[in-house]
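All remarks here apply to the structure that follows.
Quick note on labels: first sequence line is chain A, next is B, and so on, each numbered from 1. Hydrogens, waters and symmetry mates are skipped; everything else that's a heavy atom, side chains included, is used.
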Amino acid sequence: MSKAPEESSDLDGQIAFRTRKAEEIRERGGNPYANDFRVTHAIADVPRDVANLPNEPEIATDAPHYSVAGRLLQCNEKGKVAFLFLRGDRGEMIQLFVKIDYPAAFATLKDLQLGDIVGARGPMFKTRIGKAAMRTEELRLLTKAIRPLPGKLLGGQDVKDVESRYRQRYVDLISHPEVADVFRKRARLVSETRRFFDERGYVEVETRMLLQTNGGAAARPFTTHHNALDMDLFLRIATELDLKRLIVGGIDRVYEIGRIFRNEGMDRFHNPEFTSIEFYQAYATYEDLMVLTEQLFERLATVVCGSSEVVYQGQPVSLSAPFRRVTMRDAVRAALPDAPVDDPAGLCRHVTEKLHETLHADHAGTAMDYGHALTHLFEAHVESTLIQPTFIIEYPIEVSPLSRRNDRDPRFADRFELFIVGREFANAFSELNDPVDQRARFRSQVEAKAGGADETMDHDEDFCRALEHGMPPTAGEGIGIDRLAMLLTDQPSIRDVILFPQLRPEV
RNA sequence: GAGCCGGUAGCUCAGCCGGUAGAGCAGCGGCCUUUUAAGCCGUUGGUCCUGGGUUCGACCCCCAGCCGGCUCACCA
C-alpha cells in the first residue's frame, strides 16, 4: 500500500491519490485500463439461489465458473479475506469473496478503490451466513476510476442535490439504479407505441427539424443559422405541417416520434426540447382517434406498468377504456354553476370581470371572445380537477386554428383533448383541409403577430399549395411522450424522464 | 416574472442569544480467514454560495446578487 499522501482527503487529493495509484499500476507493468477480460455472464444471470449452492469448502472441482464485471461499490477487508460487491448493468449485485489462498487475486485488492470497474472469475458458493458469493480465483482491475463517486455507494447517503443529479446523470445512474429503470420503461413505452402504430399500417417517417417557416403550433421557436445558405432557420415546434403534406401525397396513415423545440419557460412540466408523437389518418375523424387513443393508453399502461390501473404520485388512475367524454361547456357548467355558459355576451362579461378581480388587467383590456372566455374558465377551474382520463370535446373554434369546423354547430371544432391527473396528454382534431380557409387563418396569425403576439405561426405558402392539391379528410393527434413517461413511471418532474434536461450553465 | 424555502467537509446534515466550525458516512494509515450499511485504533479534510454593510467580533443580523427547489403567473 502506498503511504498516506498529505492531501488525500479533499476531492482534489482523492483524485490525485487515485491518479497516482493508476501510475503505480502501470509502472509495475499492469494496465489500469485493461481490455482483455472476457465476461461470460451478466451479473444478473449468475445463479444466486443459496439453496442450490455448496458451502465454500465443498465447491466441486468441476463447478461452473463465471466471469463477471461491474462497478465496485463496497469492499470489506477482513485481514486475510475480503468481501466485495459489484453491481451490474441492471442494478443487480454480486458478492465476491477474495481470500489469501488465491494470492494473485488477493494481491489485486490493493489496486482497487470504490468506483473502479472490476472483473472477477470463479464458482459460486454459500457463505457461512448463508449469502451467495463468488469464490474469486481471478480478480482484475478493468478501469481505474480517478474520480471518486459522491455519496451513496452501498450504505452511504443518497445524493439529494437534484441539480447535480441532472447535471451529472452518469453519477446519478450509478448511485440510483432505479433511475435507469425509469428510462428502461420510457424505452419500452416508445417501442410499444411504434409497434401499436406499425400494426395498424401507419408509416413512420422523419421530417425536417430545420424549417424556413415556423408553424404547426402556437409557440416561440429557436432560431439557428445556415452558413452556406446564409439564412436563419427555425427549429421545429411541431411535426404537424410536414405530416399533413405527406397525407396530401397519399401516405394515408403516417406518424412521427421525434424531438420538438420550444423557446419558452422551463418548469416541472416543460423542457425546451421534448418528444412528441403526432399521427395522422386519412378518412378518419377525431371520434375515431378517441377510440384509438383509449386503446393506445390502455396498452401502454399494461405493457409498461403491468396493469391499466396505475398510481401517479399517490393517486390511483384507471387507464382502462373507455374514457369519460365531456363537452367543454358541460365541464365548465359542472364546476361553475353560476357561469352563463350558453350566453356568449354574458360569459365574456363574466370572465372579463373575473380577470379584473384577479388583477390581470393586461388580459382584461383585450376584447374577450366567447371561445377564449370559455377556454379560460375551463383551464382555470376544470383542467386540474380531471384526474381520471377525460376527453374534453367541442372546443371553441376561436382557440382551434387548425381544426375543422363542426358541420352542425359552427361555434365548435371537431376536436378533443385528453386530460389525466389534471394535465393535457393529447390534442387531436379533424384537420382543416380547405385551402381557402387555411390561407385566411394563416393571415389572421400573421396579423396577430404584427399586433404583438409572440406565439403565432408564419404564413406557409407551400403548405397552402399542398392543400390546394387536395388533402383527404383527415384526423390527426399529438401526444407528449415525456408527460406520458412521467405518468407511467410515476415521476413528478419532466426532468426525471429526460436524461439530460436543460439547466442553467454550471457556475 | 412574483412569493416562500434552501445553499456549511466528497455525501447527508447539525451549528442556541453574534464569540473565529462539528457529527455520521467516505477518504487515508493500521488490526482482523465468512462480512452483510462489519467492527476497532489512529488520521486528513472548510472560499460556511458571492459581494457589500452593521459590530470589538458575523455561518448567524441587514442589503444586493448568483444558484436550486416548491407554489403561482406565463406557456398547448
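- Atom CG of A:Asp482 and atom C1' of B:rC75 are 16 Å apart (whole Å).
- Rounding to whole angstrom units, CG of residue A:Leu72 and P of B:rA26 are separated by 13 Å.
- Remark: B:rU47 base-pairs with no nucleotide in the shown strands. Criterion, Watson-Crick or G-U wobble with two distances under 3.5 Å.
- If you check B:rG3 for Watson-Crick or wobble pairing at under 3.5 angstrom, you find it paired to B:rC70.
- Within a 6.0 Å sphere centred on CZ of A:Arg324, heavy atoms belonging to other residues, nucleotides or ligands number 12 at most.
- Of the candidate nucleotides B:rU33, B:rU35, B:rC28, B:rC28 has the atom lying nearest to any side-chain atom of A:Phe17.
- Which of B:rC74, B:rG27, B:rG68 sits closest to the side chain of A:Arg495 comes down to B:rG68.
- Straight-line distance between the C1' atoms of B:rC59 and B:rU20: roughly 10 Å, to the nearest whole Å.
- Annotation: side chain to side chain donor-acceptor pair (under 3.5 Å) contacts of A:Asn433 (sequence neighbours excluded): none.
- B:rC49 and B:rU8 have their C1' atoms separated by 10 Å, given to the nearest Å.
- Counting to the nearest Å, the C1' atom of B:rC25 and the CD atom of A:Gln74 are 12 Å from each other.
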Margin query: Between A:Phe297 and A:Glu294, does the side-chain contact (heavy atoms from CB on, under 4.5 Å) criterion hold? Intermediate values first, please.
Written below: CA-CA 5 Å; A:Phe297 275 59; A:Glu294 287 169 343; over 6 Å; no
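- Checking A:Arg245, A:Glu278, A:Glu256 one by one against A:Thr207, the side-chain hydrogen bond (donor to acceptor under 3.5 Å, both in side chains) holds for a single residue, A:Glu256.
- Using a 4.0 Å heavy-atom cutoff across all strands shown, A:Arg423 reaches no nucleic acid atom at all.
- Here B:rC75 presents its P atom at 16 Å from CZ of A:Phe378, a figure rounded to the nearest Å.
- When the nucleotides B:rU35, B:rU34, B:rG69 are ranked by their closest atom to the side chain of A:Arg128, B:rU34 comes out on top.
- Going from the C1' atom of B:rC16 to that of B:rG1 covers 38 Å, rounded to whole Å.
- Nucleotide B:rC40 is matched to B:rG30 when pairs are restricted to Watson-Crick or G-U wobble geometry with both distances under 3.5 angstrom.
- A side-chain donor-acceptor contact under 3.5 Å links A:Arg135 and A:Tyr102.
- Within the 4.0 Å cut-off from OP1 or OP2 of B:rC74, not a single side-chain nitrogen or oxygen of A:Arg220 is found.
- Applying the 4.0 Å criterion to OP1 and OP2 of B:rU71, one finds that A:Arg268 has a side-chain N or O inside that range.
- The gap from the P atom of B:rG68 to that of B:rA21 amounts to 31 Å, rounded to the nearest Å.
- We find that A:Glu92 and A:Arg48 are not joined by a salt bridge, their nearest charged nitrogen and carboxylate oxygen being 4.0 Å or further apart.
- In this model, no donor atom of one side chain and acceptor atom of the other lie less than 3.5 Å apart for A:Glu398 and A:Tyr370.
- Atom P of nucleotide B:rG27 and atom CG of A:Leu149 are separated by 11 Å, given to the nearest angstrom.
- A:Phe269 comes within contact range of no nucleotide atom at all, as no heavy-atom separation falls under 4.0 Å.
- With a glycosidic angle no further than 90° from 0, B:rU20 counts as syn.
- One can place CZ of A:Arg20 at 12 Å from P of B:rC28, the figure rounded to the nearest angstrom.
- Using atom C1' as the reference point in both B:rG57 and B:rG65, the two lie 25 Å apart (nearest Å).
- Summarising the base pairing, B:rA14 is matched to no nucleotide, lacking a Watson-Crick or G-U wobble pair whose two defining distances lie under 3.5 Å.
- Of all nucleotides listed (B:rA73, B:rU33, B:rU34), B:rU33 comes nearest to the side chain of A:Asp101.
- Residue A:Lys78 has no polar side-chain atom (N or O) positioned under 4.0 Å from OP1 or OP2 of B:rC32.
- The distance from atom CZ of A:Arg167 to atom P of B:rG7 is 19 Å, rounded to the nearest whole Å.
- Taking atom C1' in both B:rC60 and B:rC17, one finds a spacing of 10 Å when rounded to whole Å.
- Nearest to the side-chain atoms of A:His270 among the listed nucleotides B:rC75, B:rC74, B:rU34 stands B:rC75.
- Using a 4.0 Å heavy-atom criterion, one finds that A:Gln113 contacts the sugar-phosphate atoms exclusively.
- Side-chain atoms of A:Glu77 and base atoms of B:rU35 include no donor and acceptor less than 3.5 Å apart.
- The 5' end of RNA chain B is approached more closely, in terms of each residue's nearest nucleotide, by A:Tyr166 than by the other of A:Glu424 and A:Tyr166.
- Only the C1' atoms considered, B:rG19 is 47 Å distant from B:rU35, to the nearest whole Å.
- Taking atom P in both B:rU47 and B:rA37, one finds a spacing of 34 Å when rounded to whole Å.
- Among the heavy atoms of the strands lying under 4.0 Å from A:Tyr395 is at least one base atom, whether or not backbone atoms are also near.
- Look at B:rA58: it lacks any Watson-Crick or wobble partner with both distances under 3.5 angstrom.
- Here A:Phe97 and A:Phe83 bring their ring centres to under 6.0 angstrom of each other.
- Regarding A:Phe125, its CZ atom lies at a distance of 11 Å from the P atom of B:rU35, rounded to whole Å.
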